[in-house]
Asker: 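Structure below; questions to follow.
Just so you know, these numbers use all the heavy atoms, side chains as well, and skip hydrogens, waters and symmetry mates.
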Amino acid sequence: MADAKVIPFDDDRSRARRRPGRADGEAAAVRALPGPQEPEGVREGLPGAQGGPEAGAEAAAAAGADAGAESGAGAGSADGAGTPAGSGGWERRLAGGLAFLRRRVTGDYEVDEFGYDEELTDQVLMSLIRPLYEKYFRVEVKGVENIPAEGGALIVANHSGTLPLDGLMMQVAVHDHHPAGRHLRLLAADLVFVLPIVNELARKAGHTLACAEDAERLLRAGEIVGVMPEGFKGIGKPFGERYKLQRFGRGGFVSTALRAGVPIVPCSIVGAEEIYPMIGNAKTLARVLGFPYFPLTPTFPWLGPLGALPLPTKWTIQFGEPIPTDSYAPEAAEDPMLMFNLTDQVREQIQHTLYKLLVQRRSVFF
């Protein structure tokens, strides 16, 4: 299989090529499969062609053929003859799917230097996660307008659930509900990048190692970056401590936001704590396996693979009012008291919102 093109992250020309038409709204017409447009109401996908000049010409030709097919279908509908209006959609999907497979096989697609594959994420990975998001956890999103329409921003969220599904759900929430269809680049622990298969998928989905250098570079490039400062202390805490925020580290995320001059958007997630109620921790087994913890739940490992199925809780994700940082001087990132105060402000805002959402919810499952 041919290698994909690597796009320098700070190459504005490459980024513009990957996102043509975002300013004039044409990208909104590109749908779940690459290339031709889909009928109204189909999930939006990758904004713009990803396969270079050859793929762009192919997509344009397919779009022209589809436009002709739609005209013929419209005429047929008017006089009672011709092709049914819905058949063109399946043809476009098939053509787009074949074009997508061709680009994957020939390596005619692009990734940035972090390994992020926007086309694969939008067309495949998001489509796999979305049923879990929409049908299983039935996620309700609030305050998404607090995420800037353009430019960088740092989203700081609570972390819970034994397995880090909350990060994936937040990624879908930002992409599907934000008016600009923005992408969330998550900062992940080093364990993610040493696990086989998980490592590759995480890179493709836009995740990168949780270090200040990578985070700052993403933010300065105008990306939305997500961080969960509780780390393993958050997702590995016992069920009796649910929705009680753990320590937010040393405030490194605040100094990163200050250096990049981007707003901090607090995010509160309710529903993830109950998907795997952690009633115990097999510490010895965790050390043997090299894991930070080994969860014991009412169903796992007692029911085997069936016990690994998360409970279908009802989720709410709320993005709070952004905390601006662009008014601070560059040297403010070295002020420990300022970092402590801002870290505490973000933590308190997330915790207060969690309590508010818990009071408002009717049930864990409905």
Asker: Taking Leu338's backbone N and O only, do any of them form a donor-acceptor pair with Tyr328's side chain (distance below 3.5 Å, no angle check)?
Answerer: no
Asker: Quick check with a 6.0 Å cut-off and a 45 degree axis cone: is Arg203 positioned over the face of Phe193's six-membered ring?
Answerer: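 So Arg203 does make the cation-pi contact.
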Asker: State whether the side chain of Asn281 and the backbone N or O of Phe294 hold a donor-acceptor pair below 3.5 Å, judged by distance alone.
Answerer: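 It does hold such a pair.
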Asker: How far apart are the closest heavy atoms of Pro229 and Val227, and which atoms are they?
Answerer: CD-O, 3.6 Å
Asker: Quick check: closest heavy atoms across Pro292 and Leu191, and the distance to 0.1 Å?
Answerer: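 Closest heavy-atom pair between Pro292 and Leu191: CD-CD2, 3.8 Å.
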Asker: When you check the gap from the basic side-chain N to the acidic O, do Arg182 and Glu150 get nearer than 4.0 Å?
Answerer: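 Not counted as a salt bridge, because no side-chain N and carboxylate O are separated by less than 4.0 Å.
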Asker: Just by modelled atom types, is the Gly115 backbone N or O under 3.5 Å from a matching donor or acceptor in the Lys204 side chain?
Answerer: no
Asker: What are the two closest heavy atoms between Ala212 and Thr256, and how far apart are they?
Answerer: CB-OG1, 3.9 Å
Asker: Less than 4.0 Å between a side-chain N and a carboxylate O, is that true for Arg103 and Glu119?
Answerer: yes
Asker: Any donor and acceptor pair, going by atom type alone, linking the side chain of Asn199 with main-chain N or O of Leu195 inside 3.5 Å?
Answerer: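 Checked: no pair found.
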Asker: Kindly say whether Gly271 contributes a backbone atom to a donor-acceptor pair with the side chain of Thr313 at under 3.5 angstrom?
Answerer: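 Confirmed, Thr313 side chain pairs with Gly271 backbone.
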Asker: Between Gln318 (side chain) and Thr316 (backbone), is there a donor-acceptor pair under 3.5 Å?
Answerer: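 Checking the backbone N and O of Thr316 against the side chain of Gln318, no donor-acceptor pair under 3.5 Å is found.
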Asker: Can you tell me how far apart CZ (Arg247) and OG1 (Thr343) are? Round to the nearest 0.5 Å.
Answerer: 10.0 Å
Asker: I need the minimum non-hydrogen distance between Phe114 and Asp112, along with the two atoms involved.
Answerer: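 The answer is N-OD1, 2.8 Å.
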Asker: Quick one: is the NZ or CZ of Arg104 closer than 6.0 Å to the six-membered ring centre of Tyr109, and within 45° of its axis?
Answerer: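 Arg104 over Tyr109 ring: yes.
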Asker: Counting only pairs under 3.5 Å, give me each side-chain donor-acceptor contact of residues 355-366, with atom names and distances, residues two or more places apart or in other chains.
Answerer:
{"residue": "Arg361", "atom": "NH2", "partner": "Glu274", "partner atom": "OE2", "Å": "2.8"}
{"residue": "Ser363", "atom": "OG", "partner": "Phe365", "partner atom": "N", "Å": "3.1"}

Asker: Within 45 degrees of the ring normal and closer than 6.0 Å to the centroid, is that where the cationic atom of Arg242 sits relative to Phe239?
Answerer: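 Yes, a cation-pi geometry.
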Asker: First locate atom CD1 of Ile275, then atom CG of Leu165, and finally report the distance between them rounded to the nearest 0.5 Å.
Answerer: 4.5 Å
Asker: So, does Arg130 use its side chain to make a donor-acceptor pair with the main chain of Leu128 at under 3.5 Å?
Answerer: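 Pair absent, no side-chain N/O of Arg130 close to backbone of Leu128.
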Asker: Nearest heavy-atom pair of Asn158 and Asp166: which atoms, and what distance?
Answerer: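 That would be O-OD2, 3.8 Å.
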Asker: For Gln349 and Ile323, which heavy atoms make the closest approach, and how far apart are they?
Answerer: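 Looks like OE1-CD1, 3.9 Å.
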Asker: Is the closest basic N to carboxylate O distance between Arg217 and Glu113 below 4.0 Å?
Answerer: yes
Asker: Check whether Asn146 reaches the backbone of Pro322 with its side chain - one donor and one acceptor, N or O, closer than 3.5 Å.
Answerer: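 No, the answer is negative, given that no donor and acceptor are paired below the 3.5 Å cut-off.
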Asker: Less than 4.5 Å apart, side chain to side chain, heavy atoms only: is that true for Val111 and Leu120?
Answerer: no
Asker: Whether the Glu145 and His178 side chains hold a donor-acceptor pair (N or O, under 3.5 Å, no angle test) is what I'd like checked.
Answerer: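 Not at all, the side chains of Glu145 and His178 share no donor-acceptor pair under 3.5 Å.
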Asker: For residues 137-170, which residue pairs pass the ring pair (Phe, Tyr, Trp, His ring centres under 6.0 Å) check, not counting sequence neighbours?
Answerer: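 Qualifying pairs, neighbours excluded: Phe137-Trp315.
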Asker: Could you state whether Ile129 and Leu184 fall into the same hydrophobic cluster, counting links through intermediate Ile, Leu, Val, Met, Phe, Trp or Tyr residues with side-chain heavy atoms under 4.5 angstrom apart?
Answerer: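 Yes, because Ile129 and Leu184 connect within a single hydrophobic cluster, where side-chain heavy atoms sit under 4.5 Å apart.
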Asker: Any chance you could lay out the side-chain contact (heavy atoms from CB on, under 4.5 Å) test for Val225 and Leu186, step after step, and finish with the verdict?
Answerer: CA-CA 6 Å; Val225 177; Leu186 288 170; over 6 Å; no
